[in-house]
Participant: 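To start, I am sharing the structure in question, which I have written as structure tokens.
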Amino acid sequence: MYSYNDFDEAFVRSRVAQFRGQVERRIDGSLTEDEFKPLRLMNGLYLQLHAYMLRVAVPYGTLSADQMRKLAYIADRWDKGYGHFTTRQNIQYNWPKLQDVPDMLDALADVGMHAIQTSGNTIRNVTADHFAGAAADEIEDPRAIAELLRQWSTDHPEFQFLPRKFKIAVTGAAHDRAVTKAHDIGLRMVRNDAGEPGFEVIVGGGLGRTPMVGKVLRAFLPKADLLPYCEAIVSVYNLLGRRDNKYKARIKITVHENGLEKIQELVEERFAAIREGFSGHDQELLAEIESAFAPPAFTTKSTDGFEAARLANPAFRSWTDTNLADHKADGYAIVSISIKKHGATPGDATSDQMRVMADLAEQYGHGELRISHEQNVILPHVHKADLAAVYAALREADLATANIGLASDIIACPGMDYCALATARSIPIAQEIATRFDKLKIEHEIGQLKIKISGCINACGHHHVGHIGILGLDRAGVENYQITLGGDGTETTTIGERAGPGFSAEEIVPAIERLVTGYLGLRSDADETFLQTYRRLGMEPFKAILYPAEEKANAA
């Protein structure tokens, strides 16, 4: 893992000291809320419905055991004993007191963490594949590139006041687990005809009120050109991006209004102008960063005990079937820890659970953890010989839910329970859906199904790319939930199609149950997933299941 140097330490500490003074002036009234707002947002502090919320960056989703313990300490010391992991691989604290926030930031700095640029019209936390460095289908670990981008973008003087927030995602694998095509810049590692690694550069993706799939700006970009090319993209956007209407300010609108060819022309022109200025120091820095991401010292053990434990314990076998992924090292597995227990708040982990996960990472996982954009926690390097012990500890901590990728592994934004922008509740709907499928005991029969819920048009729950997406809206003071079908956030990214009229809060869970159980009768065989069935049959049979009364009326 990368460790911050003396410059990083001094920079973060000076920002904390600066913000401490700003907080003091806000508390004594020297600063109004309007004056304080841009200052707090630069440091990741929001004002939600009931309290402040502090959003902490977890760059490219990577945490050490010590960092996870510090997050647990902060939750206990200054919040309500839990944290909320988000789709940007961040953690949010929902109940800090304003006067305590500088102390929270100082505690984060003790372990090389901060909240800088987790808000505002800047380049936000750079995210990456949560299996990075471990995935069997990986070309290279992309986290060194993500760290290079983090260092370049943090406090970049040209990009602190962009037309709108800007998000970058990186993956080094064939299978896209980072939703790169729904980002302002998506970077997918590929090889050219000579076998050399580089990046497919995608631009103009995004969700929200105008969801768009990103477009390929460069099919292959050499690694050595990545930083100046990204700077060229953001520079062009900074000049062309609209500032007259925040709803049309994202780069996706810039690309749409100007056309991809025009954007390509301007980016290539800017790239040619600035490329020489990148004298090679960035590549020296990248080489230094890459050395910090060397693979851990993998061990060799027998896996006989793992196979025996699977045969002896059906619950353990079920967990291994859903929560493990293939690892690039022989004898190892990637462990996804579900923090989506049926009926719980998606993405919430208690301080005690954080400490358990930190201990497991230290004892069995080479000290590393990851946060996924799907709001779960990953132990990327666990030997199969240790999996039974890991499972036992997770079960003791109420963290052994075997549902990764299943119907109850739901992405949900905070919704109207916390967010001042929300127009409907998300968390209770997610809880009810998960509880209902648990009672039906058909999740494993259903198989892979990604349900995503947003409590407003801003789409923080990624509903547009859910196999089943749910969007909560306000209709004349009443919560109304629209359903979209066929969305996908992988390398074949697709925006879901709206099924029809929305459902009330009382109707939405039965509608989802009707939809999913109906799919079981539509699929060609037990291996055909919901998304595959939808792509084969289209909307109409699913619409008939969702709106039986309408279908009956049409038939009459």
Side-chain angles (χ1 to χ4, degrees), residues 87-88 120-128 142 145-146 149 152-153 156 158-159 161-171 176-190 198-221 225-271 373 454 457-460 462-465 469 484 487-497:
T87 55
R88 191 110 213 108
N121 293 336
T122 62
I123 298 173
R124 300 285 185 90
N125 187 38
V126 177
T127 59
I145 289 292
L149 291 169
W152 159 77
S153 62
H156 192 301
E158 187 178 345
F159 305 142
F161 298 97
L162 293 169
R164 199 72 174 87
K165 58 186 175 181
F166 201 92
K167 300 177 181 181
I168 301 174
V170 190
T171 182
D176 186 0
R177 288 174 288 266
V179 205
T180 57
K181 291 186 178 180
H183 279 75
D184 299 291
I185 293 177
L187 301 170
R188 295 184 64 229
M189 188 169 282
V190 294
F199 285 95
E200 177 186 73
V201 182
I202 300 157
V203 68
L207 304 180
R209 66 181 58 240
T210 312
M212 293 185 181
V213 176
K215 299 174 175 62
V216 176
L217 194 65
R218 267 274 198 119
F220 182 83
L221 182 75
D225 289 339
L226 183 65
L227 207 57
Y229 199 78
C230 285
E231 177 143 332
I233 293 171
V234 186
S235 296
V236 168
Y237 166 59
N238 201 21
L239 290 173
L240 287 186
R242 294 180 58 172
R243 287 177 163 85
D244 62 320
N245 184 337
K246 73 175 184 177
Y247 301 118
K248 296 184 178 180
R250 296 292 293 268
I251 194 174
K252 61 187 177 184
I253 304 299
T254 307
V255 172
H256 176 72
E257 291 184 340
N258 290 273
L260 182 64
E261 289 186 4
K262 178 65 174 177
I263 297 298
Q264 283 175 324
E265 177 186 332
L266 293 172
V267 168
E268 294 294 340
E269 181 182 314
R270 177 64 178 163
F271 172 66
H373 82 272
S454 299
I457 199 69
N458 290 307
C460 294
H462 293 189
H463 69 276
H464 293 296
V465 292
T484 55
D488 176 27
T490 69
E491 60 276 9
T492 55
T493 295
T494 309
I495 302 300
E497 181 183 359

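All residue numbers refer to positions in the sequence shown, counting from 1.
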Participant: State, to 0.1 Å, how close A232 and F271 come at their nearest heavy-atom pair, and which atoms those are.
Facilitator: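 Looking at all heavy atoms of both residues, the closest pair is CB-N, 3.7 Å.
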
Participant: Please report the shortest heavy-atom distance between A219 and V190, naming the atom on each side.
Facilitator: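 Smallest interatomic distance, heavy atoms only, reads O-CG2, 4.0 Å.
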
Participant: Closest approach of L266 and L240, non-hydrogen atoms and distance?
Facilitator: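 In terms of heavy atoms, the two residues are closest at CD1-CD1, 3.5 Å.
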
Participant: Does the side chain of H373 reach to within under 4.5 Å of the side chain of T127, using non-hydrogen atoms?
Facilitator: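 Answer no - side chains too far apart.
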
Participant: Would you sort out whether W152 and V234 count as a side-chain contact (heavy atoms from CB on, under 4.5 Å), showing the intermediate values?
Facilitator: CA-CA 12 Å; W152 159 77; V234 186; 4.1 Å; yes

Participant: How many angstroms lie between NZ in K167 and OG1 in T122, if you round to the nearest 0.5 Å?
Facilitator: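 Atom-to-atom, K167:NZ and T122:OG1 are 10.5 Å apart.
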
Participant: Knowing that exactly one of E200, E268, Q264 qualifies, which makes a side chain to side chain donor-acceptor pair (under 3.5 Å) with R218?
Facilitator: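 It is E268; the other options fail the test.
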
Participant: Counting N and O atoms only, with roles assigned by atom type, does the side chain of H464 sit under 3.5 Å from a partner on the main chain of G487, one being a donor and the other an acceptor?
Facilitator: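 Side chain of H464 to backbone of G487: no pair is present.
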
Participant: Restricting to non-hydrogen atoms, name the atom on K252 and the atom on T210 that form the minimum distance, rounded to 0.1 Å.
Facilitator: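 Taking K252 first and T210 second, the nearest heavy atoms are NZ-O, 2.9 Å.
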
Participant: Nearest 0.5 Å please: distance from the CG atom of L207 over to the NE2 atom of H183.
Facilitator: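 Going from CG on L207 over to NE2 on H183, the span is 8.5 Å.
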
Participant: Can you tell if the side chain of R177 reaches within under 4.5 Å of the side chain of T171, non-hydrogen atoms only?
Facilitator: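 No, their side chains stay 4.5 Å or more apart.
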
Participant: List the steps and the verdict of salt bridge (charged side-chain N to carboxylate O under 4.0 Å, His left out) for E257 and R242.
Facilitator: CA-CA 10 Å; E257 291 184 340; R242 294 180 58 172; 2.8 Å; yes

Participant: I want to check something: taking the side chain as every heavy atom from C-beta on, are T492 and D176 in contact at a cut-off of under 4.5 Å?
Facilitator: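 A side-chain contact is absent here, since even the closest heavy-atom pair is not under 4.5 Å.
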
Participant: To the nearest 0.5 angstrom, please state how far the CD1 atom of I495 sits from the CG atom of D488.
Facilitator: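 The CD1 atom of I495 sits 9.5 Å away from the CG atom of D488.
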
Participant: With side-chain contact (heavy atoms from CB on, under 4.5 Å) as the test, would you mind laying out the steps for V170 and M189 before giving the verdict?
Facilitator: CA-CA 8 Å; V170 190; M189 188 169 282; over 6 Å; no

Participant: Please round to the nearest 0.5 Å and tell me the distance separating atom CG of L187 and atom CG of L217.
Facilitator: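 Nearest 0.5 Å value for the CG-CG distance: 10.5 Å.
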
Participant: Could you check whether atom NZ of K248 has more than 12 heavy atoms from other residues, nucleotides or ligands sitting under 6.0 Å from it?
Facilitator: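 Result for NZ/K248: open.
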
Participant: Quick check for you: to the nearest 0.5 Å, what is the distance between R250 atom CZ and L162 atom CG?
Facilitator: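 It is 10.5 Å, given to the nearest 0.5 Å.
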
Participant: Which heavy atom in L221 sits nearest to a heavy atom in D225, and how many Å separate them?
Facilitator: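 Nearest heavy atoms, L221 then D225: CD1-CB, 3.8 Å.
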
Participant: Can you confirm whether more than 12 heavy atoms, excluding those of E158, are under 6.0 Å from its CD atom?
Facilitator: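 Yes - once you tally the heavy atoms of other residues, nucleotides and ligands closer than 6.0 Å, there are more than 12.
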
Participant: Between V203 and L260, is any pair of side-chain heavy atoms under 4.5 Å apart?
Facilitator: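 V203 reaches L260 side chain to side chain.
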
Participant: List the atom of D184, the atom of K165, and the distance in Å for their closest heavy-atom pair.
Facilitator: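 Heavy atoms of D184 and K165 come nearest at OD2-O, 3.9 Å.
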
Participant: Could you tell me whether the side chain of E231 reaches within less than 4.5 Å of the side chain of F159, counting heavy atoms only?
Facilitator: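 Answer yes - side chains close enough.
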
Participant: Would you mind listing every ring pair (Phe, Tyr, Trp, His ring centres under 6.0 Å) that reaches into residues 231-262, with sequence neighbours excluded?
Facilitator: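 Qualifying pairs, neighbours excluded: F166-Y237.
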
Participant: Under 3.5 Å, is there a donor-acceptor pair between the side chain of K181 and the main chain of T490?
Facilitator: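 Side chain of K181 to backbone of T490: no pair is present.
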
Participant: Would you indicate whether the side-chain heavy atoms of I251 and I233 approach each other to under 4.5 Å?
Facilitator: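 They are in side-chain contact.
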
Participant: To the closest 0.5 Å, what do you measure between CD1 (I123) and CD1 (I168)?
Facilitator: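 The distance works out to 5.0 Å.
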
